[in-house]
Enquirer: 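Structure below; questions to follow.
Lettering of chains follows the sequences in order, A, B, ..., and the numbering in each one begins at 1. Note that this is a predicted model, so its numbers are computed, not measured. In what follows, every heavy atom counts, from backbone to side chain, and hydrogens, waters and symmetry copies are set aside.
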Amino acid sequence: MQTDVTARHSSLADGDNHSLSSVFCAYTATATLWLLFATGVGLLIAYKFGAPEFGSGAWLTFGRLRPIHTNATFYGFASIALVGLGYYIAARSSGAKLYSATLAWIGLVFFNLAALLGTIALDLGYNDGNLEYREWPWWIRLIFLAALVVTAWNLICTVARRSNEDIYLSNWYIIGGTLWTCIIAVVGVVPWYQYGLGQVAVSGFYMHNAVGMWFTPLALGTIYYTLPKLLNRPIYSYALGIFAFWTNLVFYPIIGAHHFLFSPLPWWFQTIAIVFSVAMLVPVWGGSSNFLLTMRGRTGDMMHSYPLMFIFVGVMSYLIGSTQGTLEAFRSLQEVWHLTNFTVGHSHMTMYGIIAFAIWGGVYALLPLATGKQAGQLGMALHFWMALVGCFIYVMSLSIGGTIQGLDWMHGLPFIQSVVDMQGYYVWRGVGGSLMFLSHIVFGWNVWRMCYGPTAAISPLESLRAEETVA
Amino acid sequence: VNKLVLIAGGSTLVYACLAWTMAVLPGIELSRVPPGPGVQPLTVLQSEGREVYVASGCSYCHTQQVRPLNQDKVFGRPSAEGDFTYQTPELLGSERTGPDLTNIGMRQPSSVWQYIHLYNPRAVVPESIMPSFNWMFHVVDRAPAGVTPVPLPKAYTPAHGVVVPSHEAEALIAYLASLKQMPVSEAEAASAPASASPAAPVGGYDAAKGAALFTANCSACHQASGEGLPGAFPSLKGDAVVNKDDATKHIEVVLNGLHDAKVGGVVYASPMPPFAGVLSDAEVADIIDYERSSWGNHGKAVIAAQVAAERGKAK
């Protein structure tokens with residue numbers, strides 16, 4: 001059933017293709033603007049660790065810019081980019097046209113409006129309690145929820161029009177992720193049951209699920225569609241993908257409390273979170289081995305296809321970063337790493353290594369199919385290598401520095417020593433971050449070319465493949 | 001359509017049940033935890049200060065959770081369930097770029113220090129990477145009646161006029177001062193770390209340890225140079241108590257702290273916190289010996305037993 005999923009859209013009318021393509025372009029373009037903004041802010045606050053007086057005043061103070069960086073990355077860049085990819089994949093893999101382009105545009109306006117208002121509110125000091133990833137004032141988060149509901153409805157109705165009885169695996173992840181995130185948003189925003197320590201329990205759930213039940217499923221859905229398309233071969237095991245889907249669904253929501261190990265949350269609550277963090281190895285290793293086995297014997301192709309390289313890095317980060325997450329959940333290791341910069345390294349290995357790379361792989365693979373316009377090889381190469389090397393430096397410096405920080409504390413050194421010892425690693429983090437940011441500027445240029453640039457004259461490997469597939 | 005309902009509806013139902021079990025129910029249950037002994041709601045000014053704390057994103061670098069781990073002992077006793085009853089939004093935090101603030105009102109009771117530090121952290125902690133919050137202060141020609149200007153060190157004073165805190169800064173410092181851990185039980189209130197203290201090193205004073213303990217506990221006010229800050233924190237360099245052969249007073253001050261200290265004819269408004277509950281006898285002796293042998297001081301060294309004797313007197 002999955003073999004022919006990538007070859008289903010030839011029967012669609014030109015007008016339908018055009019409207020889908022403009023939706024896809026608009027989502028990708030606005031997401032790219034948010035990426036540039038969010039990582040520009042990220043770079044500024046990275047510099048502040050070395051030069052605390054750099055960028056002074058209330059509007060540029062670290063404590064206001066930090067949530068702007070995280071929220072704009074999450075809800076501006078990653079959410080909008082993944083929904084754009086989701087619409088394209090849902091329509092194409094179902095051999096149907098988008099249920100409603102109007103709803104997609106309304107959703108886009110809501111997403112952008114929420115991210116814009118949220119950014120302004122945070123910069124003015126309207127922060128809903130420093131509760132990670134739900135810092136926007138509640139009414140702005142309701143706008144985001146509205147965007148999610150519109151998106152879920154549109155995706156479901158699109159897939160309901162499919163020409164085949166089966167629903168392609170990508171759509172399980174994309175529709176599932178969107179619906180679950182509606183629940184996460186409601187759990188996070190309703191205030192009447194979360195006070196004091198009760199709110200700590202909810203925070204653990206929210207900060208973990210907002211990442212792993214929203215971005216991860218949509219990124220996996222993107223990979224499940226893009227990888228077979230790029231390689232022109234079916235996914236290694238469809239059944240394994242479904243197995244990973246259900247195990248991920250059951251295990252993941254239970255592990256949020258591992259963000260509050262050693263806190264006054266009940267001991268059993270923390271322990272269950274640790275046990276299921278280990279159980280998460282099942283869907284993680286299942287999913288990543290499925291991807292790697294799909295790529296088996298085709299490593300040579302990666303040399304000729306940057307989209308494939310991006311996806312490959314995404315898959316490897318999924319394997320390594322998520323396994324690292326399991327290790328971090330053990331009490332013995334958490335004792336060293338908890339509250340240090342190691343956590344920041346981990347969150348960048350996952351949000352950047354998995355999610356951003358999967359998005360880029362998906363965009364480079366699919367956007368040219370939608371628009372008929374290509375990004376240049378050089379542009380993709382610059383983007384890929386700067387992002388990869390930058391992220392590597394970033395993650396390594398904070399992982400090593402964070403470990404030293406934790407050991408300083410365990411050895412009972414004066415606290416300020418851990419600040420002093422981090423200095424060199426903060427500088428390296430800035431170097432990595434600068435490379436990452438530069439790569440995003442190149443990505444912006446590439447997106448411009450794929451959306452609004454001249455029609456492609458060159459036909460790299462992946463577009464050849466795509467045309468063969470269509471034929 | 002049936003298959004779609006199964007996948008979308010079924011998985012969402014599963015997820016909703018899990019969210020209910022793992023977030024909503026624990027949220028409801030733990031919201032009902034009663035306050036611990038002595039835990040009080042904040043005053044109006046303190047809650048205003050808490051809002052400033054949230055608006056400025058302090059909790060992205062400062063945790064408010066003390067873990068039952070050795071390395072967290074410097075920040076206070078392990079946080080207990082009942083500590084958080086009045087803390088909504090919760091501010092436990094996820095990163096400790098700066099020190100934990102759970103018990104900062106006890107650990108650093110001096111509002112003068114807090115104001116200087118807030119205005120520019122490097123004025124009191126040269127290695128600090130905390131941002132300056134000087135936008136929470138006004139520079140005026142003359143401080144209004146009843147307001148004490150912030151006694152900044154020379155290098156940080158504005159060219160003209162004096163620095164006075166805004167209402168925002170006053171509220172924030174009032175909130176920080178309110179962050180005091182209440183003893184969980186009577187037994188804990190009475191116990192001092194002295195009982196668990198390691199034996200004094202053979203041969204007496206451990207210079208490296210003394211220097212580290214001084215950095216961790218004393219240098220924020222008295223400075224690494226031992227010279228303090230003129231008008232704010234007294235100098236230990238050449239100080240009479242520090243250089244006196246009879247160390248009784250010196251030990252007493254470190255153990256019990258000091259209010260309205262008069263040193264060299266100057267009265268210092270900042271209280272010094274007591275360290276009896278934080279440091280063991282050997283640690284107090286190491287600090288005192290470090291102070292008595294640094295910056296040109298020539299006080300007679302003390303041993304842990306003298307500290308223990310002084311501690312005994314206080315009880």
Enquirer: Does the Q199(A) side chain pair with the main chain of E90(B), one donor and one acceptor, at a distance under 3.5 Å?
Expert: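 Side chain of Q199(A) to backbone of E90(B): a pair is present.
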Enquirer: Specify which of V200(A), V344(A), L179(A), I184(A) makes the most heavy-atom pairs with chain B at under 4.5 Å.
Expert: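 Among V200(A), V344(A), L179(A), I184(A), the one with the most close pairs to chain B is V200(A).
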Enquirer: Do you see a donor-acceptor pair shorter than 3.5 Å between the side chains of Y53(B) and N130(A)?
Expert: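 Looking only at side-chain atoms, N130(A) and Y53(B) do not form any donor-acceptor pair under 3.5 Å.
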Enquirer: Is a side-chain N or O of T88(B) found less than 3.5 angstrom from the main chain of Y195(A), in a donor-acceptor match?
Expert: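 No.
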Enquirer: Just to verify, what does E29(B) make a side-chain contact (heavy atoms from CB on, under 4.5 Å) with, not counting sequence neighbours?
Expert: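 Partners of E29(B) by the side-chain contact (heavy atoms from CB on, under 4.5 Å) criterion, ordered by chain and then number, come out as R32(B).
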Enquirer: Under a plain distance cut-off of 3.5 Å, with no hydrogens placed, do E53(A) and N120(B) share a side-chain donor-acceptor pair?
Expert: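 Result is yes, a qualifying pair exists.
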Enquirer: Closest heavy-atom contact between Y193(A) and A23(B)?
Expert: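 Heavy atoms only, the tightest pair is CE1-O, 4.1 Å.
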Enquirer: What part of Y126(A) gets within 4.5 angstrom of chain B, counting heavy atoms only: side chain, backbone, both, or neither?
Expert: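 It is neither, since no heavy atom gets under 4.5 Å.
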Enquirer: Where does Q417(A) contact chain B at under 4.5 Å (heavy atoms): side chain, backbone, both or neither?
Expert: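 Q417(A) has no heavy atom closer than 4.5 Å to chain B.
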Enquirer: With a 4.5 angstrom heavy-atom cut-off, is it the side chain or the backbone of P191(A) that approaches chain B, or both, or neither?
Expert: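 Contact with chain B is absent: no heavy atom of P191(A) under 4.5 Å.
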Enquirer: Tell me the closest heavy-atom pair linking Y15(B) and W180(A), and the distance in Å.
Expert: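 Distance-wise, the nearest heavy atoms are CE2-O, 3.5 Å.
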Enquirer: Measuring from atom CG of L197(A) to atom OG1 of T85(B), what distance do you get when rounded to the nearest 0.5 angstrom?
Expert: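 Reported to 0.5 Å precision, the distance equals 8.5 Å.
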Enquirer: Which region of I156(A), side chain (C-beta onward) or backbone (N, CA, C, O), has a non-hydrogen atom less than 4.5 Å from a non-hydrogen atom of chain B, or is it both or neither?
Expert: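 For I156(A), the contact with chain B is made by backbone and side chain together.
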Enquirer: Are any of the side-chain heavy atoms of R67(B) and L261(A) separated by less than 4.5 Å?
Expert: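 SC-SC contact between R67(B) and L261(A) ruled out.
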Enquirer: For N341(A), is it the side chain, the backbone, both, or neither that has a heavy atom closer than 4.5 Å to a heavy atom of chain B?
Expert: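 For N341(A), side-chain heavy atoms alone lie under 4.5 Å from chain B.
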Enquirer: With a 4.5 angstrom heavy-atom cut-off, which part of T61(A) approaches chain B: side chain, backbone, both or neither?
Expert: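 The side chain, not the backbone.
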Enquirer: Name the member of K48(A), E335(A), M422(A), Q194(A) that forms the most heavy-atom pairs with chain B at distances under 4.5 Å.
Expert: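 Most pairs with chain B among the choices: E335(A).
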